[in-house]
J.: 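Take this structure first; my questions come after.
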2 protein chains.
Amino acid sequence: MQADTNTTTNANANAMRPSHEGAVTRALAGFVGALRWSDIPPDVRHEAKRSLVNYFAVALAGAHDPTIEKAVGVYGRFRANERATIVGRNERMDMLNAAALNAMSANVFDFDDTHIPTIIHPTAPIAAALFALAECRPMTGEALLLAFVAGVEVACRIGNAVSPEHYQRGWHITSTCCVFGAAAAVAHALGLDATRTAWALGHASGQAGGLVETLGTMSKSVSVGNAARNGLLSALLADEGLAGPDAPLEGARGFLKVVCTQPDTSRITEGLGREWALLSNTYKPYPCGVVLNPVIDACLDLRRDARWTLDDIESVELLGHPLLRERTDRPGVRTGRESQVSAQHAVAVTLARGKAGLAEFSDAAVAEPALRAFGSRLRFIDDPSWPVEAAQVTLALRSGERIAHRVLAARGSLAAPLADVELVDKLRQLAAFGGSGVAPQPVADLLWKLDTAPDAAAPMRAAHAAR
Amino acid sequence: MQADTNTTTNANANAMRPSHEGAVTRALAGFVGALRWSDIPPDVRHEAKRSLVNYFAVALAGAHDPTIEKAVGVYGRFRANERATIVGRNERMDMLNAAALNAMSANVFDFDDTHIPTIIHPTAPIAAALFALAECRPMTGEALLLAFVAGVEVACRIGNAVSPEHYQRGWHITSTCCVFGAAAAVAHALGLDATRTAWALGHASGQAGGLVETLGTMSKSVSVGNAARNGLLSALLADEGLAGPDAPLEGARGFLKVVCTQPDTSRITEGLGREWALLSNTYKPYPCGVVLNPVIDACLDLRRDARWTLDDIESVELLGHPLLRERTDRPGVRTGRESQVSAQHAVAVTLARGKAGLAEFSDAAVAEPALRAFGSRLRFIDDPSWPVEAAQVTLALRSGERIAHRVLAARGSLAAPLADVELVDKLRQLAAFGGSGVAPQPVADLLWKLDTAPDAAAPMRAAHAAR
């Protein structure tokens with residue numbers, strides 16, 4: 001059909017646009033515009049701080065990953081000023097570039113937080129956008145935390161409306177939904193009214209992108225960085241008066257219908273202000289696929305009072321949900337990245353070292369002959385009656401002795417969330433792993449009292465690397 | 001399912017990835033990497049120049065549109081340097097911001113070119129990216145033209161593979177496909193090999209976005225600008241060594257399958273090097289939905305030797321394909337933008353003024369009482385046997401006389417393309433409309449001999465506004 005975009009659009013849009021169109025976007029934007037600190041329950045306020053402690057941990061870990069080094073090399077050529085910190089590095093950049101690079105480094109190891117219902121990693125893009133803004137436009141810690149809560153709510157509610165189809169189809173849901181979250185968060189921080197907040201969501205709708213096909217490659221980080229950068233840009237454009245569509249979410253050709261055949265639009269507004277996405281947010285204790293968490297827990301416990309060495313073990317039985325085997329039965333992996341989803345490597349390295357950090361899932365660890373050889377001694381036993389967050393590990397020793405350990409709720413699951421002290425320990429370990437020289441404790445201390453801090457940017461200054 | 005992205009991806013990707021995966025992306029990237037000027041037929045070379053003349057015309061027209069003014073206000077805060085020209089303006093910016101803003105202004109009126117099979121407007125994003133690069137990295141005119149041909153080929157072939165479903169679903173195909181085109185064009189201009197060109201396409205795949213829902217609002221321009229900027233960025237990242245996926249196009253979770261349920265992947269590679277997308281590119285004579293072109297042609301011819309005034313006309317009959325009525329029967333429009341798809345306004349203003357330029361489809365023109373009143377005198381007569389590029393306009397005068405004029409192939413259609421002189425005239429008119437003070441003739445002269453120019457950036461310098 002030889003009609004140009006303009007013709008086609010108006011015709012179709014008019015034909016398909018009901019009079020109430022825009023109600024969902026208006027309701028969500030209105031919620032964001034009106035949200036006050038007094039509306040946020042204490043447990044949600046605290047979860048926001050926990051998400052930020054985990055965020056700085058993973059950002060410090062990724063700061064010098066090869067992907068980030070290359071991205072800094074290119075993005076750095078286009079920095080307009082040096083007002084915003086790159087976590088764990090000594091370069092500074094303008095807020096748009098800093099938002100992109102900090103979101104990338106916080107997500108590069110897939111070790112950041114996970115909103116369980118959607119598998120969205122919400123904090124990397126949303127926190128990166130807000131802290132970059134805070135370094136260039138002073139705001140209180142309370143203002144940043146409130147904007148962060150609003151942004152996570154928007155990203156995860158949009159994710160709920162298109163899940164599970166959206167991710168299964170091949171959309172990297174962290175990137176596609178967090179551009180809205182970052183836009184909403186920055187819109188709140190800028191004090192935009194409901195109309196301009198809706199415009200910001202409209203500009204975000206035209207910038208939503210990111211494909212699962214890119215995961216496992218350096219390319220993944222580009223769309224994660226864009227979610228932060230373009231969400232921030234969307235709010236700045238709305239603040240400037242750049243107008244958007246009425247119904248970027250629920251419209252006939254809006255985000256929800258275009259990226260999902262059967263979106264549940266009610267999930268956007270249902271329970272707004274009563275149910276909080278942050279309460280379904282979790283933090284990984286290990287840099288692995290989460291189905292491995294109970295197995296690693298069990299191996300760490302077995303190792304604690306070990307009267308055996310790896311050589312004494314004849315075989316290891318893993319009893320758990322079939323998904324454990326389906327997702328992690330990978331002997332002979334060749335890279336650290338593959339090892340993050342290999343039960344053979346996870347069991348061997350954890351029993352051998354009594355640790356399961358990024359160093360245990362690196363290319364170097366995978367190359368150890370003893371660990372590679374051990375894989376053949378692993379056996380899976382499926383039991384569909386087990387939940388995925390549970391597993392039993394049984395060691396059969398050459399002596400004939402059998403030692404079993406059962407974990408019913410893996411560390412880091414909603415049933416057994418990491419304690420605050422464990423999050424700080426993760427921050428300490430990942431700061432050391434990242435090698436930035438940034439002292440982790442001051443960052444943690446500033447984050448725990450962020451709600452009373454006059455300057456929200458203080459943790460970023462503490463995360464600046466001298467060299 | 002409580003699996004994190006990492007687990008899910010690796011599991012699914014491995015399960016679903018055939019061994020030949022990546023063949024389509026490799027073939028397309030290989031074509032781009034190997035393309036030489038001697039491979040380009042003369043008519044394709046000339047069409048590339050015609051597309052660029054039309055590009056500068058529409059960019060000069062849009063340079064001071066309110067959308068562009070606001071975008072310059074925000075993007076300008078983030079300019080790293082002032083090495084690239086903003087067409088028709090006196091600001092200069094870094095290449096990424098210039099690419100975005102020039103693509104926006106060239107497309108803001110939907111008066112840019114149209115690749116008929118896909119409705120893609122290819123030149124705005126692709127030319128904007130290449131000229132921005134050329135101002136910062138010297139290249140010959142031939143090198144830019146060759147990269148432009150490659151980029152248009154990539155964008156339109158990807159568009160062919162997902163059409164018509166992709167656009168109908170709600171994707172703004174100009175934005176979603178031209179990010180690949182800009183990436184491929186810049187990859188060629190940078191001399192990237194096939195592997196890095198494929199990486200650039202991979203980075204583009206994660207940045208493809210843009211919704212039809214945003215059309216008709218300022219928000220549309222954001223994704224069009226991104227197509228240019230992010231395509232350019234994708235190639236720069238690939239040049240830096242940032243690696244991408246093997247099959248960003250045809251992969252199980254690659255672009256084609258994610259944005260289209262039944263992509264025709266063969267359209268990506270079929271006839272590569274033998275069939276050229278630029279030969280299906282067209283240029284609008286009027287800033288209207290293309291179905292109005294034959295009507296406006298007829299009205300201009302009727303007006304030429306008019307022995308009547310608007311008041312002498314009792315009624316006007318429009319005979320044509322039913323689509324003409326369906327798309328353009330819009331009496332009483334209120335904005336210039338609406339008037340671009342209103343037969344009532346188009347007929348009235350063209351018969352009254354004997355012109356059909358941007359000024360005739362402005363808010364001011366729409367406000368004229370005489371034109372508003374005339375709309376009621378219009379009648380449509382459907383005849384499905386007529387092609388959409390044809391129409392007959394019959395004037396019934398109060399004297400009883402009837403004057404009919406029939407147009408079989410509208411100006412600007414593939415059957416009656418605008419002549420080179422008409423494109424230059426469009427450039428002259430739109431340069432005047434844009435009010436930039438830029439002299440159009442030197443720009444046209446430089447473009448017609450671009451293939452022999454030592455410096456591809458010369459037309460950009462000529463398009464820089466003194467004030």
J.: Which atoms of B:S234 come close to chain A, meaning under 4.5 Å heavy atom to heavy atom: side chain ones, backbone ones, both, or neither?
T.: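 For B:S234, no heavy atom lies under 4.5 Å from chain A.
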J.: Looking at A:A243, A:G244, A:G210, which one has more heavy-atom pairs under 4.5 Å with chain B than the rest?
T.: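 Highest number of heavy-atom pairs under 4.5 Å: A:A243.
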J.: If you compare all heavy atoms of B:V341 against all heavy atoms of B:R330, which two are closest, and at what distance to 0.1 Å?
T.: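 So the two residues come closest at O-CD, 3.0 Å.
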J.: Is a donor on one side and an acceptor on the other found under 3.5 Å between the side chain of A:K284 and the backbone of A:D110?
T.: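 Answer holds: yes.
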J.: Run the side-chain hydrogen bond (donor to acceptor under 3.5 Å, both in side chains) test on A:H172 and A:T214 for me, step by step, so that the C-alpha distance in whole Å, both residues' side-chain angles and the decisive distance to 0.1 Å come before the verdict.
T.: CA-CA 9 Å; A:H172 185 27; A:T214 64; over 6 Å; no
J.: Chain A heavy atoms under 4.5 Å from B:V258: which part of the residue, side chain, backbone, both or neither?
T.: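 B:V258 touches chain A through backbone and side-chain heavy atoms alike.
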J.: Who among B:G73, B:G170, B:G209, B:P117 has the most heavy-atom pairs with chain A under 4.5 Å?
T.: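 Answer, by heavy-atom pair count under 4.5 Å with chain A: B:G170.
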J.: Please give me the minimum heavy-atom distance between A:F255 and B:L211, naming the atom from each residue.
T.: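 That closest heavy-atom pairing would be N-CD1, 3.6 Å.
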J.: For A:S221, is it the side chain, the backbone, both or neither that has a heavy atom under 4.5 Å from a heavy atom of chain B?
T.: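 Neither part, no heavy atoms under 4.5 Å.
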J.: Given heavy-atom pairs under 4.5 angstrom as the criterion, report whether the side chain, backbone, both or neither of B:K220 touches chain A.
T.: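 Neither part.
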J.: Heavy-atom distances under 4.5 Å only: say whether B:L233 touches chain A with side chain, backbone, both or neither.
T.: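 Side chain only.
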J.: Measure B:R169 against the heavy atoms of chain A and call it side chain, backbone, both or neither at under 4.5 Å.
T.: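 Contact with chain A is through both the backbone and side chain of B:R169.
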J.: With sequence neighbours excluded, tell me which residues meet ring pair (Phe, Tyr, Trp, His ring centres under 6.0 Å) with A:H115.
T.: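 Residues passing ring pair (Phe, Tyr, Trp, His ring centres under 6.0 Å) with A:H115: none at all.
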J.: Nearest heavy-atom pair of A:L242 and B:K70: which atoms, and what distance?
T.: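 Result for this residue pair: N-CD, 3.7 Å.
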J.: Could you tell me which of B:S175, B:P66, B:S205 has the largest number of non-hydrogen atom pairs under 4.5 Å with chain A?
T.: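 Option with the top pair count is B:S205.
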J.: Using non-hydrogen atoms and a 4.5 Å limit, figure out which bit of A:R83 sits close to chain B: side chain, backbone, both or neither.
T.: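 A:R83 has no heavy atom closer than 4.5 Å to chain B.
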J.: Counting heavy-atom pairs closer than 4.5 Å to chain B, which one of A:R77, A:M95, A:R229, A:Q168 comes out on top?
T.: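 Looking at each option in turn, the highest pair count goes to A:R229.
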J.: Under a 4.5 Å heavy-atom cutoff, which of B:L96, B:N226, B:D94, B:L236 has the most pairs with chain A?
T.: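 Winner by heavy-atom pair count: B:L96.
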J.: Counting heavy-atom pairs under 4.5 Å with chain B, which one of A:G241, A:P248, A:A238, A:A71 comes out on top?
T.: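 Sorted descending by pairs with chain B, the first entry is A:G241.
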J.: Quick check: does any side chain N or O of A:S339 sit under 3.5 Å from a backbone N or O of A:G336, one acting as donor and the other as acceptor?
T.: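 Judged by distance alone, yes, a pair lies under 3.5 Å.
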J.: For A:E69, is it the side chain, the backbone, both or neither that has a heavy atom under 4.5 Å from a heavy atom of chain B?
T.: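 For A:E69, neither part sits under 4.5 Å from chain B.
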J.: Can you list the residues that meet the ring pair (Phe, Tyr, Trp, His ring centres under 6.0 Å) rule with B:F361, with sequence neighbours excluded?
T.: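 Per chain and number, B:F361 pairs via ring pair (Phe, Tyr, Trp, His ring centres under 6.0 Å) with B:H345.
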J.: What are the two closest heavy atoms between A:S219 and B:P245, and how far apart are they?
T.: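 In terms of heavy atoms, the two residues are closest at CB-CD, 3.8 Å.
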